Protein chains: 2
Amino acid sequence: MRVSTRGEYGVRAMFDLALNYGSGPIPLRTVAARQMVSETYLEQLMGALRKAGLVVSKRGAQGGYELADPPERITIGQIIRVLEGPITPLDCLDTDSGTGPYCGQPEQCVLRGLWKQLQDSMERVLDNTTLEDLRQNAIRLGVAQGQ
Amino acid sequence: MRVSTRGEYGVRAMFDLALNYGSGPIPLRTVAARQMVSETYLEQLMGALRKAGLVVSKRGAQGGYELADPPERITIGQIIRVLEGPITPLDCLDTDSGTGPYCGQPEQCVLRGLWKQLQDSMERVLDNTTLEDLRQNAIRLGVAQGQ
DNA sequence: CTCATTTCCGACTAATTTCGTCGGAATTGA
DNA sequence: TCAATTCCGACGAAATTAGTCGGAAATGAG
């Protein structure tokens, strides 16, 4: 029931970009240093986020990454799904991957209801929190300046 | 963000025991066959659940496992915690294990609030669902008979 | 033009976790 | 006495996680 470092670092990097939204591309080196994560590892993650259309990049000198959309239009759920796959406690709930091995009769699967509830509650949090929400919290706590 | 087979199979086994609560000890062989999971693997899981006090066992012929308490007094959260450890998206939220590596200033950690919200929403579901709730659903769906 | 900066890409590796299996000892009721 | 059953610890294969590494390509500044 854990978020791996992919999700964790990815959200932190996106949060960092949100705090700096509007000031042009930010090099990964800077983000990695501020968030204290490996730059080469972040590179991997940002590649995925770029292909998913959540960030845009600019190569070369004065290049870097920035959010593809304003912070209020990017949710944590989007980020997590790109980096960790579908938000689901059990594969048999993931509609994309079809029914699971023993879930031949989903309507009879009492436990499916339980896991579905769990999934819904997770998605409710992650899909209703935007980077802007986090930015506002940062401002309120006074940790947004200087970045 | 997945429940591993430990949690999944464990919940299924406990659900099976709940459906049969009151009829004396049930041998693992029976539970494993009904739930279509490996018997030797289940053995491992039941050992943990027994040590945690969620089931009681009886060795030898006519032995087996039964719930240590009535189904309405055992929650899914209890089962998951025994088999998967603390319910927390990030280790830094787990009060037992102290603060995480970069969370030296938890009050400044904006993201901590997000992960805490996620944790709360997961625990709300898992700690408020009992085996009896599942049993009632099974009865309502007509899948409880014969077990 | 050149050069430092920076993204981009794919392959590789080490560590950890997951998902079990296996052999045998101990207990117990028939 | 014997079959059924839990109990226990060690073992192992496969998958996942968490990165590293080397180098190619692009680009702005001087």
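Within every chain, numbering begins at 1; the chains are lettered A, B, ... in the order of the sequence lines, protein sequences first and strands thereafter. Computation of the quantities below employed the complete heavy-atom set of this structure, encompassing side-chain atoms and omitting hydrogens, waters and symmetry-equivalent molecules. If you're wondering where the values come from, they're calculated on a predicted model, not measured in any experiment.
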*Do we see a donor-acceptor contact under 3.5 Å between the side chains of A:Thr130 and A:Asp133?*
yes
*Between which nucleotides of DNA chain C, 5' to 3', does chain B make heavy-atom contacts below 4.0 Å?*
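Listed 5' to 3', the contact boundaries are C:dC19 to C:dA30.
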What's the [atom1]-[atom2] distance between [X] and [N], to the nearest Å?
X: A:Tyr65; N: D:dA26; atom1: OH; atom2: P; value: 15 Å
X: B:Arg29; N: D:dT6; atom1: CZ; atom2: P; value: 8 Å
X: B:Leu42; N: D:dT6; atom1: CG; atom2: C1'; value: 13 Å
X: A:Glu43; N: D:dT20; atom1: CD; atom2: P; value: 11 Å
X: B:Arg2; N: D:dT16; atom1: CZ; atom2: P; value: 10 Å
X: B:Lys58; N: D:dC7; atom1: NZ; atom2: C1'; value: 17 Å
X: B:Arg59; N: D:dA3; atom1: CZ; atom2: P; value: 19 Å
X: B:Leu49; N: D:dC7; atom1: CG; atom2: C1'; value: 14 Å

*Can you see which heavy atom on B:Val11 is nearest to which on A:Leu111, and at what distance?*
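Residues B:Val11 and A:Leu111, closest heavy atoms: CG1-CD2, 4.1 Å.
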*What's the shortest heavy-atom distance between A:Met1 and B:Glu84, and which atoms?*
N-OE1, 4.2 Å
*Would you call A:Glu123 and A:Arg81 a salt bridge, taking side-chain N to carboxylate O under 4.0 Å as the test?*
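So A:Glu123 pairs with A:Arg81 through a salt bridge.
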*Is A:Asp16 paired with A:Arg12 through a side-chain N to carboxylate O contact shorter than 4.0 Å?*
no
*Can you find a side chain N or O atom of A:Ser4 that sits less than 4.0 Å from OP1 or OP2 on D:dT16?*
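For D:dT16, OP1/OP2 do not have a side-chain N/O of A:Ser4 under 4.0 Å.
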*Side chain of B:Thr88, backbone of B:Asp91: donor and acceptor closer than 3.5 Å?*
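Checking the backbone N and O of B:Asp91 against the side chain of B:Thr88, no donor-acceptor pair under 3.5 Å is found.
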_Would the distance check show the side chain of A:Thr30 and the main-chain N or O of A:Ile26 forming a donor-acceptor pair, the cut-off being under 3.5 Å?_
no
*Base, sugar-phosphate, or nothing: which does B:Thr40 touch, judged by heavy atoms less than 4.0 Å apart?*
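Answer is base: heavy atoms of B:Thr40 come under 4.0 Å of a base.
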*Looking at the side chain of B:Arg50, which of D:dT6, D:dG28, D:dC7 is the nearest nucleotide?*
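Within the option list, the nearest is D:dC7.
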_Let's see if you can work this out: which of D:dT6, D:dG19, D:dA26 has an atom nearest to the side-chain heavy atoms of B:Ser57?_
D:dT6
*If you pin A:Gln44 and A:Gln62 to their nearest nucleotides in DNA chain D, which one's is more 5'?*
A:Gln44
